[in-house]
Amino acid sequence: MDSSYKAIGVEQKWQKKWDKSKLYKVDLKSKKPKYYNLVMFPYPSGDKLHVGHWYNYGPADSWGRYKRMNGFNVLEPMGFDSFGLPAENYAIKTGVPPQESTARNVKYMIKQLSAIGTMYDWEKMVNTSEPEYYKWTQWVFLELYKKGLAYKKEAPVNWCPGCMTVLANEQVQEGKCERCGSLVTPKNLNQWFFKISNYAENLLDHSKLDWPEKTKVMQTNWIGRSEGVFWQQKIKDFDIKIEAFDSVPQTYMAQTFAVIAPEHPLVAKLVKGTKQEKAVMAFVEKVKKKKMANKFDVEADSEGIFTGRYIDNPFGTGDLPLWIASFVVMGYGSGIVNCSAHDERDFAFAKKYNIPLKPVMAPADPVEAKKVMNLEYCYHHDPEAIMQLPEKFKGRKWGEARKDIIKYVEEKGIGKAAVNYKLKDWLISRQRYWGAPIPMINCKKCGMQPVPKKDLPVILPIKGVDYKPKGKAPLASVPKFVNTKCPKCGGKAEREVDTLDTFMCSSWYYLRYLSAKDKVKAFDMAAVKKWLPVDTYIGGPEHACMHLLYARFIHKVLMDDKKAEPFKRLVHQGLITKDGAKMSKSKGNVVSPDEFVAKYGSDVFRMYLMFMGPFTEGGDWSDKGITGIARFTDRFWRLISDENVKVEDAVALKRTLHKLIKRIKEDIEKMQFNTAVAALMEFVNFANKNGVDKAGKKIIAQLIAPLAPHLAEECWELLGNKTSVFDSKWPTYDPKLAVDSTVRIGVQVNGKVRGEIEISKDANKEEAFKSAKSQENVLKYLAQGQVVKEIYVPGKIIGFVVK
RNA sequence: GCCCGGGUGGCGGAAUUGGUAGACGCGCAGGACUUAAAAUCCUGUACUAGCAAUAGUGUGCGGGUUCGAUUCCCGCCCCGGGCACCA
């Protein structure tokens, strides 16, 4: 008789049953404790799901199933982040409207996702490119606009003169357009921003979050908080006040020059009509081009030019010549920096252009101090350094004097204590078609007006759109879309033709799942209060500084609570590589799960991925071991379906089962699915020798259920159950039974293992040593000298020290 | 350059409040069943020596602490990821 497990048929059978019985439909109002198990939603490309998708969704689903069996009402939704460039590029190439290709891809992807055997509640699905979704994305924009967090300003974009369009950073390769190869140039455009920088301080607070340390550190560094002062100063002969940020204000007496960023708008004004104007502007152009082409080398291209202007030095140490320096970052601080001898870059710059330097601190060691004062090298970042100047702080330690110096410069009015961040405001407008239109209207009379919320959504037109870029956003080519009435005065007005960054769609979707069909509001606050924060959010670490930061920001704004957090526990799945490289279409190394799933079934494939190693670490793909899991699955099935198994040792079976329940629980809680699978294998090996009763079979069917849902259902049914194993209660264990009564421990002499004894788990010292000394091999080594120390750690080790 | 991870058999990996390193699986070798093969089952498998008992070596490298170190400390090397002129 062929008793082997027929995975394919069984899996289809259960997927149909689950579907029909609506097993995974979630009642959001249920009284059961809630559990929001969220996984980052995918972009619906037309490609098949690859191993990476499975590695993400399979274990995430196993986790949800485990929580469900532990009595939680688990919400496990799925949706599609469907706006974005690939569909638009496809449209440009083929003329197929993104609406069509996207709808097709979504349909295809739902089918594939279902084949994994996940418990998604498809009734709650969201699709960000559908009007019923992006209507509310627009609504979110208007909320931010209302709160004064959305504004417009000029900002540079990557412009491809060949394609006549704006390029995303990743479309620029070595300064050239990735498609046509034209040299990309900077172009200033008036664009929309969100004031995420207003929330910098709140976003730094990770105290309520159970996130990987690495991710929190990445966000912290990204936000880049820095304490210091803004020097208050003016440019000589001009009525222009300028600030300069300084995180090391102790240098104030050391400042001998100042530098300004080449891109700074003041530059042209400062040199206008002077004899150096031409040279300066040429220099500025040169640097700008280099920076835009991403060809800027920090070391090699550190250069500058004197503006001919001076900063009215407020420190009484003489005026500071103002130079343009290529290394100054425009977007940080004010784009102007006061320079001193105690900064590596400033030091090198001054040496290069023969600008005088004046050290004000030195090491305690007099020989080194002399070198520093003679400018032999740049000395910095040492809090133990001794101040040499000015008189007021002379002799004090540099690190310690800092706060008094800040106090002093504030009193003198030459500086203001301040905190500065690297985090820049979020640029949300895109000169693209396939995105949510920005709901704003430009009226010549009334200015920029928000679209009234009752008029949402601003529908993205399908007909008459020229996807091919012609120098303007594609929507500008649709007069029907552009021409509208001013909501304020009723006169002729024009719509905003830019669309929203897709990160905006994904920064609030977890709220929409809770009320996907709601026609009157973006999200149901009662449901949000009940279901948020998301209990576990699973997704790739590449989103640490973009999506995860944006979502936290938007959440705080929408909740009107700067402390609100959307995602409580965050888990990053590891990356699956192929021959050490990230899988990608262009490299042609994408591994498809299809042939494996067709051969072994989705349970085996899922378990194999989990068995490969720790979930958070990923690994290099190899199909070498999948037969091991297939064998295990067969063995498992045979064990369950064999009715003639005799139990040899009932006590041992009981203890082994309780130990197993404990291990599986602990492993799954830590998302170490690999060791959970190993534990089940060990049990099957044990049961094949010792036998297992029906009660035991039921337990292992439950334990394997999160990892191999179809197999578990089939076993569960075979064992006489009429309802789903996922409606059964997760087995519990008795801690007293989950340990062995005896243990095998090693016996060491001088740290080397010389024997092994089996004794009762909590045997006393005498018993243990007696047993140890009954070992011939141990005695041999003990006889080599005097026993000076005896060590006994119950359940772990016996040790003797012999001299 | 700076900040995180990580380095364990032929391979994927297991084990860390310091306590028998290598669970589990793959692969390999031998055996059983079979006319044969596949499938399945059993046995062995870190390396070196030995028939074996056993001994020596062994968790990237070099030191240290300890009765005992994959685990703790110091100094390096290599791999992966992130940031990268942030004054």
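Order of the sequence lines sets the chain letters (A, B, ...), proteins ahead of strands, with each chain counted from 1. Treat the numbers as computed from the prediction; the structure is a model and nothing was measured.
- Cation-pi check for A/Arg552 over A/Trp222 is not met; the charged atom does not lie both under 6.0 angstrom from the ring centroid and within 45 degrees of its normal.
- Remark: A/Ser226 is in phosphate contact with B/A87, judged by side-chain N or O atoms under 4.0 Å from OP1 or OP2.
- In this structure, of B/G56, B/G82, B/A87, it is B/G56 that holds the atom nearest to the side chain of A/Arg754.
- Proximity note for A/Ser247 (side chain, C-beta onward) versus B/A55, B/A87, B/C41: the nearest is B/A87.
- Environment of NZ in A/Lys351: crowded, with over 12 heavy atoms of neighbouring residues, nucleotides or ligands closer than 6.0 Å.
- Between A/Tyr421 and B/C86 there is no side-chain N or O to OP1 or OP2 distance below 4.0 Å.
- Among the heavy atoms of the strands lying under 4.0 Å from A/Val328 is at least one base atom, whether or not backbone atoms are also near.
- Comparing the C1' positions of B/G44 and B/G60 gives a spacing of 30 Å, expressed to the nearest Å.
- Using a 4.0 Å cut-off between a side-chain N of Lys or Arg and a carboxylate O of Asp or Glu, A/Lys582 and A/Glu542 do not qualify as a salt bridge.
- Taking the P atoms as reference points, B/A21 lies 10 Å from B/A69, given to the whole Å.
- When rounded to the nearest whole Å, the span between CD of A/Glu344 and P of B/C2 equals 12 Å.
- Of the two residues contacting RNA chain B, namely A/Gly751 and A/Pro614, the nearest-nucleotide position lying further toward the 5' end is that of A/Pro614.
- For A/Lys789, the listed nucleotide lying nearest its side chain is B/C67; candidates were B/C86, B/C67, B/U54.
- Between the CD1 atom of A/Ile223 and the C1' atom of B/G82 there is a distance of 15 Å, rounded to whole Å.
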Within the sub-3.5 Å range, which N or O atoms of nucleotides 22-26 of chain B have a protein N or O partner, and how far apart are they?
residue : atom : partner  : partner atom : Å
B/A23   : O2'  : A/Glu682 : OE2          : 3.0
B/G25   : OP1  : A/Asn685 : ND2          : 3.0
B/C26   : OP1  : A/Arg631 : NH1          : 2.6
B/C26   : O2'  : A/Lys624 : O            : 3.1

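- Residue order along RNA chain B, read from the 5' end via each residue's closest nucleotide, puts A/Met612 first among A/Met612 and A/Val743.
- If you check distances only, the side chain of A/Glu542 never reaches the base of B/G82 with a donor-acceptor pair under 3.5 Å.
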